[in-house]
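What follows is a single structure, written as structure tokens, with notes after it.
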Amino acid sequence: MSDIENVKKLREATGAGFKDCNLAIKESGGDIDKAIEILRVKGISKASKKMSRDAKEGVVAVSGNDIKTSVIEVNCETDFVAKNEDFTNFVKELSDLNNEKNSNLDALKSSKMQNGETVENNVVSLIAKIGEKITIGKAKTIENAGTVNNHYLHTVVKDNISKLAVIVSLETSDNSDTVKNFGKQLSMHIAASNPLALTTDQIDQSVIDKEQELVTEELKNSGKPEDIAKKISLGKMNKFKEENSLLSQAWVMEPKKKVQDIVKELSIADLKIKEFYRIKIGE
């Protein structure tokens with residue numbers, strides 16, 4: 001078999017570029033299996049060189065159903081690659097696998113994909129093929145007893161892949177369209193309003209401390225008496241907590257009402273917002 005035919009075969013088998021395949025065939029003396037191994041090793045070294053770069057672009061993918069739903073983030077360096085077919089096909093398969101593995105990233109990375117290779121090896125191959133740093137970012141699976149999940153995708157790249165995803169879990173025995181519609185609207189509200197927690201007392205203490213520092217600093221130079229400054233500080237902190245907690249946020253579709261008012265108005269006795277998760281590329 002001629003070198004050119006071998007190079008063609010190697011390209012089909014590995015998806016690597018012509019130049020790399022040509023060099024590998026020469027190095028292996030025409031042995032395809034040996035050439036695949038040479039490319040694999042080169043791919044790893046090529047990939048490790050790229051890992052020092054920034055990967056701030058990418059996509060999030062959602063998989064599962066309304067009982068168990070998972071989201072996973074995959075980062076790359078440019079938006080161009082985020083839309084590349086090899087990249088999106090990899091993300092789609094990875095997303096389904098992630099839902100199976102309940103967002104356990106260690107288990108996910110060592111899992112085998114359809115081509116028989118592990119997720120980790122497929123990432124390396126993809127980096128070598130596409131020429132950008134690719135990393136698996138955050139992942140989350142939401143599955144609660146007696147709940148129904150809803151999700152919302154914003155800035156859809158393709159199918160179940162987007163730039164922003166929200167999963168929301170509603171605890172209820174009611175599976176009416178009213179609940180489904182509310183779940184959809186609530187997901188859209190979370191996408192737009194970016195709450196930090198479900199209730200004010202669930203906001204991360206470090207976030208509260210940082211905000212308190214900013215407020216204190218701002219009031220320090222205002223020249224107001226200490227007791228008044230304290231009152232203002234308290235007011236600002238309460239407002240911050242209220243605006244960043246889902247239940248006390250102004251409802252996006254009707255800002256005069258809060259989310260908790262909307263839940264009450266639905267008059268579904270056992271309806272509760274159990275949990276939510278929002279993820280946006282670049283945030």
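This structure is a prediction, so every number in the text was calculated from the model and none was measured. Side chains are part of it too, since the values below use all heavy atoms of this structure and drop only hydrogens, waters and symmetry mates.
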Should Lys140 and Ile279 count as side-chain neighbours, where that means a heavy-atom distance under 4.5 Å? no

More than 12 heavy atoms of other residues, nucleotides or ligands under 6.0 Å from NZ of Lys109: is that the case? yes

What pairs with Ile228 under side chain to side chain contact (heavy atoms under 4.5 Å, CB included), at least two apart in sequence or on another chain? Lys224, Pro225, Ile232

Determine, stepwise, if the pair Ser248 / Gln260 fulfils side-chain hydrogen bond (donor to acceptor under 3.5 Å, both in side chains). CA-CA 6 Å; Ser248 53; Gln260 57 203 18; 5.6 Å; no

Does a side chain donor of either Asp174 or Thr172 reach within less than 3.5 Å of an acceptor in the other side chain? no

Do you know the tightest heavy-atom contact between Asn122 and Glu117? ND2-O, 3.4 Å

Can any side-chain N or O of Lys184 pair as donor or acceptor with the backbone N or O of His151 at less than 3.5 Å? yes

Sub-4.5 Å side-chain heavy-atom contact between Leu153 and Leu164: no

Salt bridge flag under 4.0 Å for residues Lys220 and Glu217: yes

Report the hydrophobic cluster partners of Ile67, with the cluster defined as I, L, V, M, F, W, Y residues connected by side-chain heavy atoms closer than 4.5 angstrom, directly or transitively. none

Measuring from atom CD1 of Ile25 to atom CD of Glu5, what distance do you get when rounded to the nearest 0.5 angstrom? 11.0 Å

Hey, could you give me the CG/CG distance between Leu126 and Asn121, rounded to the nearest 0.5 Å? 12.5 Å

So, Glu37 and Lys34, do they make that salt bridge, N to O below 4.0 Å? no

Would one find more than 12 heavy atoms of other residues, nucleotides or ligands at under 6.0 Å from atom CD of Gln114? no

How many angstroms lie between atom CG of Asn150 and atom OG of Ser187, to the nearest 0.5 angstrom? 5.0 Å

Consider side-chain hydrogen bond (donor to acceptor under 3.5 Å, both in side chains). Of Asp96, Asn99, Asn149, which one does Ser70 pass it with? Asn99

Is there a donor in the side chain of Thr141 and an acceptor in the side chain of Asn102, or the other way round, less than 3.5 Å apart? no

Looking only at heavy atoms, which two atoms of Lys180 and Asn175 are closest? And how far apart? NZ-O, 3.3 Å

More than 12 foreign heavy atoms under 6.0 Å from NZ of Lys133: is that the case here? yes

With the side chain counted from C-beta on, respond yes when Trp251 and Gln185 share a heavy-atom pair under 4.5 Å apart, and no when they do not. yes

Between Asp31 and Ser28, is there a donor-acceptor pair closer than 3.5 Å when you use the side chain of the first and the backbone of the second? no

How close do Gly137 and Leu105 get, heavy atom to heavy atom, and via which atoms? O-CD1, 3.5 Å

Please lay out, stage by stage, how Asp227 and Lys231 fare under the test salt bridge (charged side-chain N to carboxylate O under 4.0 Å, His left out). CA-CA 6 Å; Asp227 56 336; Lys231 264 186 192 158; over 6 Å; no

Side-chain (Ser222) to main-chain (Leu219) donor-acceptor, under 3.5 angstrom: yes

Salt-bridge test for Glu254 and Lys257: reply yes if a basic N is under 4.0 Å from a carboxylate O, no otherwise. yes

How close do Ile273 and Leu198 get, heavy atom to heavy atom, and via which atoms? O-CD2, 3.3 Å

More than 12 non-hydrogen atoms from neighbouring residues, nucleotides or ligands closer than 6.0 Å to CD on Glu226, yes or no? no

Please determine if Glu57 and Lys163 form a salt bridge, counting it only when a charged side-chain N lies under 4.0 Å from a carboxylate O. yes

Which pair of heavy atoms, one from Ala82 and one from Val59, lies closest together, and at what distance? O-CG1, 3.8 Å

Same cluster for Met113 and Val123 if Ile/Leu/Val/Met/Phe/Trp/Tyr side chains link at under 4.5 Å? yes

Between Ile72 and Phe87, is there a shared hydrophobic cluster once you connect ILVMFWY residues whose side-chain heavy atoms come closer than 4.5 Å? yes

With side chains defined as the heavy atoms from C-beta onward, is the minimum distance between Lys241 and Glu211 less than 4.5 Å? no

So, Ser233 and Gln212: side-chain donor and acceptor under 3.5 Å apart, yes or no? yes

If only atom types and distance count, is the side chain of Ser162 paired as donor or acceptor with the main-chain N or O of Lys158 below 3.5 Å? no

How about Lys236: does its NZ atom have over 12 heavy atoms from other parts shown lying under 6.0 Å from it? no

Between the CG atom in Leu186 and the CD1 atom in Ile190, the distance rounded to the nearest 0.5 Å is 4.0 Å

Nearest 0.5 angstrom please: Glu243 CD to Asn238 CG, how far? 11.0 Å

Measure from the side-chain N and O atoms of Ser110 to the backbone N and O of Ala107, and report whether any donor-acceptor pair falls under 3.5 Å. yes

Mind checking whether Val124 and Ile38 sit in one hydrophobic cluster, side chains of I, L, V, M, F, W, Y counted as touching below 4.5 Å? no

Can you confirm whether His154 sits close enough to Val166 that some side-chain heavy atom of one is under 4.5 Å from a side-chain heavy atom of the other? no

Asp204 to Ser206 - nearest heavy-atom pair and separation: OD1-OG, 2.9 Å

Asn144 pairs by side-chain hydrogen bond (donor to acceptor under 3.5 Å, both in side chains) with which of Lys274, Glu275, Glu171? Glu275

Is it true that Glu132 and Thr78 share a donor-acceptor pair across their side chains at a distance under 3.5 Å? yes

Is a side-chain donor or acceptor of Glu73 paired with a backbone partner of Lys138 at a separation under 3.5 angstrom? yes

